[in-house]
2 protein chains.
Amino acid sequence: MIRRLGSAARLSTTEQHALRKLPVATRTFEAQQDIIYGDGTSLHSCVVLDGWTCCYQLLTEGKRQILSIHVPGDMPDLQGLHLPQPDFSMAAITRAVVAFVPHTTLRQLSDGSPTIAAALWRETLITAAIHRAWITSLGRRDARQRFAHLICELYLRLEAAGLASDHTMWMPLRQPDLADALGLTSVHVNRTMRALRLEGLIDLRSRQLVIQDWAGLRALAAFNPQYLRLLDQVVSSSA
Amino acid sequence: MIRRLGSAARLSTTEQHALRKLPVATRTFEAQQDIIYGDGTSLHSCVVLDGWTCCYQLLTEGKRQILSIHVPGDMPDLQGLHLPQPDFSMAAITRAVVAFVPHTTLRQLSDGSPTIAAALWRETLITAAIHRAWITSLGRRDARQRFAHLICELYLRLEAAGLASDHTMWMPLRQPDLADALGLTSVHVNRTMRALRLEGLIDLRSRQLVIQDWAGLRALAAFNPQYLRLLDQVVSSSA
DNA sequence: GACTGGAACTAACCTATGATACCACAACGG
DNA sequence: CCGTTGTGGTATCATAGGTTAGTTCCAGTC
């Protein structure tokens, strides 16, 4: 399970060993249940082991904006390492299994090994790059393009994690969730999905999403996967 | 000048000394000029010494989304340390003086000192937190709220940097720039500004912005400054 | 087989924002 | 003194997307 931590970077065997020995506490959350509520102080970072989760912010009048979506292997909460008060909440989308690692041990580990620090740091930087892509989507793309962009991103991330192939993926996000991620209403998500289906781009039924025209979807979104850094070599530490 | 680097964190004197000795190359850019163009590989991080800059992404059809705005003292490009190919471009808003530090030396420095690494890492995490606030603005706030939120953020950041006081600030962003930051058109920025002026919240003339009703503006945006971490103590390294 | 509760889906209407086009003004140069 | 250029400002119309209020379609389950 915890091997996934190391799989994100190319580490020496001793470092991999140290990561494997990390004390973790796993916990299962039901769909929709909050994992972190953005008020208190967070003392642990977490790794999603199974299921999907998301980070979100609430506004007055109960509006919700989803900030990021996580699939197994993601480490959504690394920012707590150096900013102990989270500025967001985190919730399970599906039933999800999450592993928690105390900040203190993680900080000791990264203080002791610049390579591990760089690998974790890099994870947080990729998160920021994904944030930037979302900003651009929300600010300058219309509903169809936004939707297409999100699907492209999620599919490639799942494929890289070995959780999807053949342009087919599990899609547990419900229409209201998609709405909160895309800055739309669920009604308009529905309209938009129908449009994409009629154009022969995607087909979504009973949680199963098939991308029927990957090239078309990618062109619609003007999707450039570079920001996800799925193929990068990690920058070798100069130490 | 470079003292600003250290001012972001509380470092030991030896570490401050090391920072001061960093080899830097300063360069002046004209307003609107590109500082980084998001294609190549970046070998330097930069510090804004004077003037304002921004990061942006371009879309097909020439649409532009501004991702972040930087004032003197900010280090917009730290992510290049571990992700060498930037996913965005960076441009000067006003005439701006920027200092460049080679990634290699900065990486050596942070490999040698976990405290410096943590301080720099923390900067990138704050950037990500600002990204999240923008995502929420773009996704779930209307034009007036978005505008108000941006003004609150910029004013507090400037005030913290000692560059604004008395609810008065220099505002070099033009209406088309604001439009690209807020995901609106310049026409609608103009409408929105007039609305806020008529409500007695702000007054902007000839680059000088006066916040006439701070409480009202803050309430309109539902602004919570916590994400900017202007008052935090830095987490002490466990090393 | 009827009943429930949660999605997905639709339709009717409304509004915030976009698109286009134009005017006003100030700064500047010849 | 007159053009030119950039920026702010306004009006008019068009439309993407929001709002409200449903109906339909299941998968359980009693």
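As rounded to whole Å, 13 Å separates atom P of D/dG17 from atom CZ of A/Phe147. Nucleotide C/dG18 holds its C1' atom 15 Å from the CG atom of B/Leu182, rounded to whole Å. If you take NE2 of B/His188 and C1' of D/dG17, they are 13 Å apart, rounded to a whole angstrom. Taking atom CZ on A/Arg144 and atom P on D/dG17, their separation rounds to 10 Å, with Å as the unit. Here the P atom of nucleotide C/dT17 and the CZ atom of A/Arg140 are 13 Å apart, to the nearest Å. Regarding B/Asp142, its CG atom lies at a distance of 16 Å from the P atom of D/dG17, rounded to whole Å. Whole-Å rounding puts the B/Leu178 CG to D/dT7 C1' distance at 13 Å. Here the P atom of nucleotide C/dA16 and the CZ atom of B/Arg146 are 13 Å apart, to the nearest Å.
For the residue pair B/His70 and B/Ser68, a side-chain donor N or O sits within less than 3.5 Å of a side-chain acceptor on the partner. Side chains of B/His149 and B/Arg146: no donor on one and acceptor on the other come within 3.5 Å. In this structure, a donor-acceptor pair under 3.5 Å is present between the side chains of B/Gln175 and B/Asn190. Under 3.5 Å, the side chains of A/Ser45 and A/His103 contain a donor-acceptor pair of N or O atoms. Using modelled atom types and a 3.5 Å distance limit, the side chains of B/Thr136 and B/Arg140 yield no donor-acceptor pair.
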B/S/- along nucleotides 4-15 of chain C (protein heavy atoms under 4.0 Å) is ---SSBBBB---
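Residue contacts for A/Thr185: at a heavy-atom cut-off of 4.0 Å it reaches a base atom on one of the strands shown.
B/Tyr56 carries B/Arg64 over the face of its six-membered ring, with the cationic atom under 6.0 Å from the centre and within 45° of the normal.
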